[in-house]
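In what follows, a single structure is set out as structure tokens and then discussed.
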There are 2 protein chains.
Amino acid sequence: MTGHSTTGHYHHGDLRNALLQAAGKLLREQGIVGFSLRDVARAAGVSHAAPYRHFRDKAALLRALSGLGFEHLHAALTEAAASRRGPEQILIEVTRVYVHTVMQNPGMTRLMFGTVISAEGDAGNAPAASSILEVFLGIIKAGFAVGAFRDRDPRELALVAWSTMHGLAMLAVGEVVDAKYKDMKELDALARTVAENVIYGISRS
Amino acid sequence: MTGHSTTGHYHHGDLRNALLQAAGKLLREQGIVGFSLRDVARAAGVSHAAPYRHFRDKAALLRALSGLGFEHLHAALTEAAASRRGPEQILIEVTRVYVHTVMQNPGMTRLMFGTVISAEGDAGNAPAASSILEVFLGIIKAGFAVGAFRDRDPRELALVAWSTMHGLAMLAVGEVVDAKYKDMKELDALARTVAENVIYGISRS
DNA sequence: ACCTGAACACCGTTCAAGT
DNA sequence: ACCTGAACACCGTTCAAGT
């Protein structure tokens, strides 16, 4: 995205971004368990002390990375919410996308929702999370507009919808759900079942 | 439970258990982030190499600890499932207990469901998880017996119920849900709402 | 059989010093 | 302004050696 590159002598113009990119790759490929800042620096081709010019500490780097993950999830959900007709169809599609996105990058998922990072001065993931809740709120309100849903506090219904698909996604990514569900076909069917149940639950009788 | 203790010269008869207990305390008090095996050994009053006589490595200790956590959750849910009348009341109570148990020990929760540990030869948490699923299966089947629930695969309904309360619990423990929900009163109300929605969803129309 | 102490390869973080 | 290299206090793990 930066564009200009005439000098041939390498070395980063934007080390901060290079570090985040390297970190994302390591997180995806190796997971969060052995994730080390020194590895990130190595992958970016700088000394192990260099990242400290751009992030206060390892937690700050992870927080920034987590923020990128939330943005990605938010974008995927927003797109899924925009592309269909009725609120019921939307809920089914959003559930499927939620589970898929979460399963595609388990390390990122654990980073985002595992609270490996905590607030500590920074706002933590609260704002990112509330932007995700907005997506569900939008779906619920659209459902109200066409008289589809039970007359309840929309924030409650939004949280019900989110909880349900989040729970399925977490059980899947945590491998606590039976091995057979790791098959994506099965997971898709399960996502549909779960979404339908939410719909049954929140629809007017 | 062991009973005899006449010799006054200390040093553990059962270091394995002492280590697990110390680890549990550290996990509860400090969380999983800075959790170190050397700290556990120190807390138990032995050298840092001593744990290796009882656990193959740090992951094995954590796996055993996680197993204890699953046992605790299983026992709490089983008790909640046994004490009430109709399946609807049971689901509400079980949801409340699930969320409470999870919130009472966030470090343990992250250990159990964060897949910090993976299988690696050992069976991982799959058996523990399936014993939890059994509890939900029992509730669903009891509901079938009195004609309360929709005619679906009981395993699906059980997973729907589990997913929903698990999702709420994870959002709560991950602090992604608004700060005001950290108040237990609010969380209790939320648990009830979520449980009611599951009931609406799985009940015969 | 169970535990210790030294040893090794790693980490996160800091800081003087270089360009 | 940005990066490096040495340094420090920690970790997980191994292994000879002690009782």
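Each chain gets a letter, A, B and so on, in the order the sequences are listed, and its residues count up from 1. As the structure is a computational prediction, the values presented were derived from the model and not from experiment.
- Rounded to whole Å, atom P of D:dA9 lies 17 Å from atom CG of B:Asp39.
- Side chain of A:Thr109 to main chain of A:Val102: a donor-acceptor pair is present (N/O by atom type, distance under 3.5 Å, no hydrogens or angles).
- One N or O on the side chain of B:His100 and one on the backbone of B:Arg96 form a donor-acceptor pair closer than 3.5 Å.
- Rounded to a whole Å, the CG atom of A:Leu61 is 14 Å from the C1' atom of C:dT13.
- In this structure, B:Leu37 atom CG and D:dC10 atom C1' are separated by 14 Å, rounded to whole Å.
- At whole-Å resolution of the value, CZ in A:Arg16 and P in D:dC3 are 13 Å apart.
- Between A:Val194 and B:Thr164 the shortest side-chain heavy-atom distance does not fall below 4.5 Å.
- The nucleotide whose nearest atom lies closest to any side-chain atom of A:Arg42 is, among D:dC11, C:dC11, D:dG12, C:dC11.
- Outside the 6.0 Å centre-distance limit, the rings of B:Phe113 and A:Phe113 are not counted as a close aromatic pair.
- Listed candidates were D:dG12, D:dC3, C:dG12. Nearest to the side chain of A:Arg38 is C:dG12.
- Shown here are the side-chain hydrogen bond (donor to acceptor under 3.5 Å, both in side chains) partners of B:His72, two or more places apart in sequence or in another chain: there are none.
- Taking only side-chain atoms of A:Ser36, from C-beta outward, the nucleotide of C:dC11, C:dT13, C:dC3 with the closest atom is C:dC11.
- Dashed line: the shortest gap from a side-chain N or O of A:Ser47 to OP1 or OP2 of D:dC3 is not under 4.0 Å.
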Notebook entry, point to check: Under a cut-off of 3.5 Å for both distances of each Watson-Crick or G-U pair, what dot-bracket string does DNA chain D give, using [ ] for crossing pairs and | for inter-strand pairs?
Noted result: ||.|||||...|||||.||
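- Summarising the geometry, the separation between CZ on B:Phe35 and C1' on C:dC11 is reported as 18 Å, rounded to the nearest angstrom.
- Within 6.0 Å of atom CD in A:Gln21, 12 or fewer heavy atoms from other residues, nucleotides or ligands are found, so the atom counts as exposed in its surroundings.
- A distance-only check finds a donor-acceptor pair linking the side chain of B:Arg150 to the backbone of B:Gly201 [under 3.5 Å].
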Note to self: How would you summarise protein contacts on nucleotides 14-19 of chain D per nucleotide, using B for base, S for sugar-phosphate only and - for none, with heavy-atom distances below 4.0 Å?
What the structure shows: BB----
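- With hydrogens and angles disregarded, a donor-acceptor distance shorter than 3.5 Å links the side chain of B:Ser130 to the backbone of B:Pro127.
- Two residues are said to be in side-chain contact when any heavy atoms from C-beta on lie closer than 4.5 Å; A:Leu62 and A:Phe35 meet this criterion.
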